Protein chains: 2
Amino acid sequence: MSTVTSTRSGGSAATRQAIGRAARRLFHEAGYAGASVRAIAAAAGVDAALVIRYFGSKEGLFLETVAIRGRFDDVTNGPLEGLGRRLVASLLQDRPQQTFDTWRAMLRASDSDRVRERLIAAMEEMFIVPLAPRLTGTRAELRARLVAAQISGLLDAVAILADRRITEASLADLVELYGDSIQALIDRTD
Amino acid sequence: MSTVTSTRSGGSAATRQAIGRAARRLFHEAGYAGASVRAIAAAAGVDAALVIRYFGSKEGLFLETVAIRGRFDDVTNGPLEGLGRRLVASLLQDRPQQTFDTWRAMLRASDSDRVRERLIAAMEEMFIVPLAPRLTGTRAELRARLVAAQISGLLDAVAILADRRITEASLADLVELYGDSIQALIDRTD
DNA sequence: AGACGTTGTCAACGCTGTTGACAACTCGGG
DNA sequence: CCCGAGTTGTCAACAGCGTTGACAACGTCT
């Protein structure tokens, strides 16, 4: 029986990984539009058609290879006191460059509805779901969503606009200033 | 003598405007990648080649037609007290949908260095330059830049992620919560 | 009338994502 | 052993993209 869907069912796991690795690297380096399927295929030592055979489409390839993998459980589960600062520290200090690369690539590719949905789901899962039920006071969920918005803003400044006055500022200053600003949303009681 | 640069020197102002209007509309609707030069040309009732003749390249067309035009002087020049809230109110209330469309289009097109530079320059001009010298206390410029980052975050949430819990929240709540969080950065004295 | 600069079109180039046809290879059953 | 079947991969082609060089249509000035 022939495969109905466009993605090839099984395939060689090795080739699939090779394509995936090349794709992740090139998407991060050149962005969605800048990384052509043919370039990815060449980097993986394979024909461009095969890339599509394995992943269905360029968009599918992007969605499967470029994913936000952040885990902030340790921070979001910790004490509310000082959570804002620890959030910023965790983002800027613990995370590898890859987090920024991924944010940049996904935001720029958010023309695609499916990429946008992934981005929303990731923010929801990483920040809003763990944070909202822990906030005391009114409008807890809205406040959690606004915390997520603030994190977006920090990621924009660092990963997309690449504001040097921010990227070159001391980590301590950023943690203190931006963290306390986030904390204002967390602590709010009214 | 023939024109050296790729952009045609004079040209008919009427056609130029027609192309510009069509471009702005399509870029806002479909984004940079989604709006093809041929589609823009068709909407302007003109050949695709002419679009390039007039604007040099698709990127040049984008830069000339999609520009952030926000003026926040009235807010940034106003009293520091309550400035955070007034900033959020001005963004969400006074600005037309076009501001969000432009933010979305430019951020998604920020693969291009020149688009990125424009975005940085716009944020700098609209917020950092007027705000930084007015802030009292230490690290004034960094704080102004972080205020700009927070604004990016709000624009992301509203214009790109289109978080419905935020877009559908009451203006008063957003102004109060996010505005006070921004105010924390403005008021900081240490 | 004829030369000239301007305004616009047409066909083509090399690139893109994607697909259908086909080759090379592995493997189980007679 | 060998043959058919299934898997893994390539090739050539398609339509659409941004861009360019050659060329047509047109008004204007001498």
Side-chain angles (χ1 to χ4, degrees), chain A residues 1-20 22-23 26-27 29-66 105 108-109 111-115, chain B residues 1-20 22-23 26-27 29-66 105 108-109 111-115:
Chain A
M1 192 182 78
S2 73
T3 316
V4 176
T5 63
S6 54
T7 61
R8 191 161 277 188
S9 49
S12 154
T15 346
R16 195 181 181 83
Q17 272 191 16
I19 296 173
L26 288 183
F27 278 141
E29 281 178 20
Y32 182 81
S36 78
V37 172
R38 280 173 172 85
I40 293 170
V46 123
D47 188 271
L50 198 64
V51 173
I52 302 296
R53 293 279 126 86
Y54 270 83
F55 293 90
S57 66
K58 185 184 181 181
E59 190 190 34
L61 175 62
F62 183 83
L63 287 169
E64 272 197 55
T65 55
V66 178
R108 285 181 179 160
D111 286 290
S112 151
D113 282 342
R114 277 154 62 195
V115 171
Chain B
M1 194 181 78
S2 72
T3 315
V4 176
T5 63
S6 55
T7 61
R8 192 163 276 189
S9 50
S12 155
T15 355
R16 194 182 182 84
Q17 272 191 15
I19 296 174
L26 289 183
F27 279 140
E29 281 177 20
Y32 183 80
S36 77
V37 171
R38 281 173 170 84
I40 292 170
V46 122
D47 188 89
L50 199 63
V51 173
I52 302 295
R53 293 279 127 87
Y54 270 82
F55 292 89
S57 67
K58 186 184 183 183
E59 190 191 36
L61 175 61
F62 183 83
L63 286 170
E64 270 197 55
T65 55
V66 178
R108 285 179 180 163
D111 286 289
S112 149
D113 282 341
R114 276 154 62 192
V115 171

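Everything numeric in this text was worked out from a predicted model, so none of it was measured.
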* Could you tell me which residues satisfy side chain to side chain contact (heavy atoms under 4.5 Å, CB included) with A:Ala43, sequence neighbours excluded, listed by chain and number? => A:Ala22, A:Arg25, A:Leu26
* Going by modelled atom types, is there a donor-acceptor pair between the base of D:dT7 and the side chain of A:Arg53 at under 3.5 Å? -> no
* Asked: Between B:Lys58 (side chain) and B:Val51 (backbone), is there a donor-acceptor pair under 3.5 Å?
  -> no
* Can you find a side chain N or O atom of B:Tyr54 that sits less than 4.0 Å from OP1 or OP2 on C:dG8? -> yes
* To do: Would you please name every residue forming a side chain to side chain donor-acceptor pair (under 3.5 Å) with B:Thr15, sequence neighbours left out?
  => B:Ser12
* Divergence of helical axes at both termini of the helix from C:dA1-D:dT30 to C:dG30-D:dC1 - five pairs an end, 10° steps -> 40°
* Asked: What pairs meet the salt bridge (charged side-chain N to carboxylate O under 4.0 Å, His left out) rule with one or both residues in residues 31-45 of chain A, with sequence neighbours excluded?
  -> none
* Among C:dT18, D:dG9, D:dG18, find the nucleotide with the atom closest to the side chain of A:Thr15. => D:dG9
* Does some side-chain heavy atom of A:Arg16 sit less than 4.5 Å from a side-chain heavy atom of A:Ile19? -> no
* Asked: In terms of the nearest nucleotide of DNA chain D, which residue is placed more toward the 5' end: A:Gly45 or B:Ala48?
  -> A:Gly45
Give me, pair by pair, the N or O atoms of the protein and of nucleotides 12-14 of chain D that are less than 3.5 Å apart, along with how far apart they are.
| unit_1 | atom_1 | unit_2 | atom_2 | d |
| --- | --- | --- | --- | --- |
| D:dA13 | N6 | A:Arg38 | NH2 | 3.4 |

* Nearest whole angstrom, please: distance from the P of D:dG21 to the CD1 of B:Ile52. => 13 Å
* Atom-pair distance (OH on A:Tyr32; C1' on C:dT16), nearest Å -> 11 Å
* Over how many whole Å does the gap from A:Phe62 atom CZ to C:dG17 atom C1' extend? -> 16 Å
* Phosphate contact (C:dT16 OP1 or OP2) by A:Ser36 side-chain N/O below 4.0 Å -> yes
* Set of side chain to side chain contact (heavy atoms under 4.5 Å, CB included) partners for A:Ser112, sequence neighbours left out -> A:Glu59, A:Arg114, A:Val115
* To do: Measure up the A:Phe27 and A:Tyr32 rings against each other and bin them: parallel (under 30°), tilted (30 to 60°), perpendicular (over 60°).
  => parallel
* Atom pair distance, as rounded to whole Å: CD1 in A:Ile40 and P in C:dT16 -> 11 Å
* To do: To the nearest Å, give me how far apart CG (A:Leu50) and P (C:dC25) are.
  => 16 Å
* To do: Take the protein atom CD1 of B:Ile19 and the nucleotide atom P of C:dT7, then report the distance between them rounded to whole Å.
  => 12 Å
* When the distance from CZ of B:Arg16 to C1' of C:dT7 is rounded to whole Å, what number comes out? -> 14 Å
* Rounded off to whole Å, could you give me the CD-to-P distance for the B:Glu59 and D:dC17 pair? => 19 Å
